[in-house]
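See below for the structure under consideration.
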Amino acid sequence: ASIKYNDYSKVVLPTPTKEGYKFAGWYNGETAVSLIYKYEDVTLKAAWEKLFSITFDSDGGSAVEKIYYTNAADVKLPTPTKEGHAFEGWYNGETKVEALTENADYTLKAAWRAFVDLEIGEGKTYTTIAAALEAAKDGDTVKVYPGTYAENLTLDKNITLTSAEETKAELTGVITLGVNLECVKD
């Protein structure tokens, strides 16, 4: 497209679009041009940068918008949330992706770990400690994964409530005890 002008101070260079690319400016040969300073014919060429994309599958977690980028080193991967789960990271197939190392199109899938695991026979997973305690029977063990849990709990059964890992889980809220409580530190 060509632009005709009589007063160079009023020339506004258009910003074109091209699917799959980011507009990188106008050039007169090797020289970037943002303003036209003189009355003469000039032919400008648009410069483009290839856009790469990352599509996210949050696997039941919060929605994550597709990201378009031109330099893999500049990409910061988002952290989605999922009720009752800890985000374990993004995976490209079987490979965990901590950071992008090359410019390419990616489809990444979120991996999750449930916060609460109730051990009964084969074991079942619950999204809250309260749900695990409600399903537990005397003698069961409820393992709690690291994290902060804001729940109101009632302990009215003879069960073992333990941490699933060496790190701690923090409980905030009201805890009602309907049985004798014995604290044991390993």
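Along the sequence shown, the residues carry numbers beginning at 1.
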For the pair [X] (side chain) and [Y] (backbone), establish whether a donor and an acceptor sit closer than 3.5 Å, ignoring hydrogens and angles.
X: Ser53; Y: Asp105; value: no
X: Lys96; Y: Glu88; value: yes
X: Lys22; Y: Tyr68; value: no
X: Lys109; Y: Gly93; value: no

Worked check of side chain to side chain contact (heavy atoms under 4.5 Å, CB included) between Tyr27 and Leu44
CA-CA 5 Å; Tyr27 283 80; Leu44 302 178; over 6 Å; no
Less than 4.5 Å apart, any side-chain heavy atom of [X] and any of [Y]?
X: Leu51; Y: Thr70; result: yes
X: Val97; Y: Leu77; result: yes
X: Tyr69; Y: Asn103; result: yes

Treat each ILVMFWY residue as a node, draw an edge where side-chain heavy atoms are under 4.5 Å apart, and state whether Trp26 and Val42 are in one component.
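Trp26 and Val42: one cluster.
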Shared hydrophobic cluster, Val75 / Tyr91 (ILVMFWY, side-chain heavy atoms < 4.5 Å)
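No, Val75 does not connect to Tyr91 through the hydrophobic network.
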Going by the angle between their ring planes, with limits at 30° and 60°, are Tyr21 and Trp48 parallel, tilted or perpendicular?
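Ring orientation, 0 to 90° scale: perpendicular.
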So which heavy atom on [X] is nearest to which on [Y], and how close?
X: Ala104; Y: Phe52; result: O-CB, 3.4 Å
X: Pro78; Y: Pro80; result: O-CD, 3.6 Å
X: Lys157; Y: Glu134; result: NZ-O, 2.9 Å

What's the verdict on side chain to side chain contact (heavy atoms under 4.5 Å, CB included) for Ile54 and Leu108, showing C-alpha distance, side-chain angles and the deciding distance?
CA-CA 7 Å; Ile54 308 168; Leu108 303 179; 3.8 Å; yes
Evaluate the criterion side chain to side chain contact (heavy atoms under 4.5 Å, CB included) for residue pair Ile67 and Phe56; output intermediate values, then yes/no.
CA-CA 9 Å; Ile67 292 176; Phe56 298 96; 3.7 Å; yes
Apply ring-ring contact (aromatic ring centres under 6.0 Å, His included) to Phe87 and list each qualifying residue two or more places apart in sequence or on a separate chain.
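In terms of ring-ring contact (aromatic ring centres under 6.0 Å, His included), with neighbours along the sequence ignored, Phe87 is linked to Trp90, Trp112.
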Under 6.0 Å from the NZ atom of Lys76, do we count more than 12 heavy atoms belonging to anything else shown?
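Check fails, neighbour count at 12 or below.
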Once rounded to the nearest 0.5 Å, what's the spacing between atom CD of Glu102 and atom CG of Asn71?
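Result: 12.5 Å between the selected atoms.
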Atom NZ in Lys18, atom CD in Glu49: separation rounded to 0.5 Å?
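Answer for the NZ-CD pair, Lys18 versus Glu49, is 12.5 Å.
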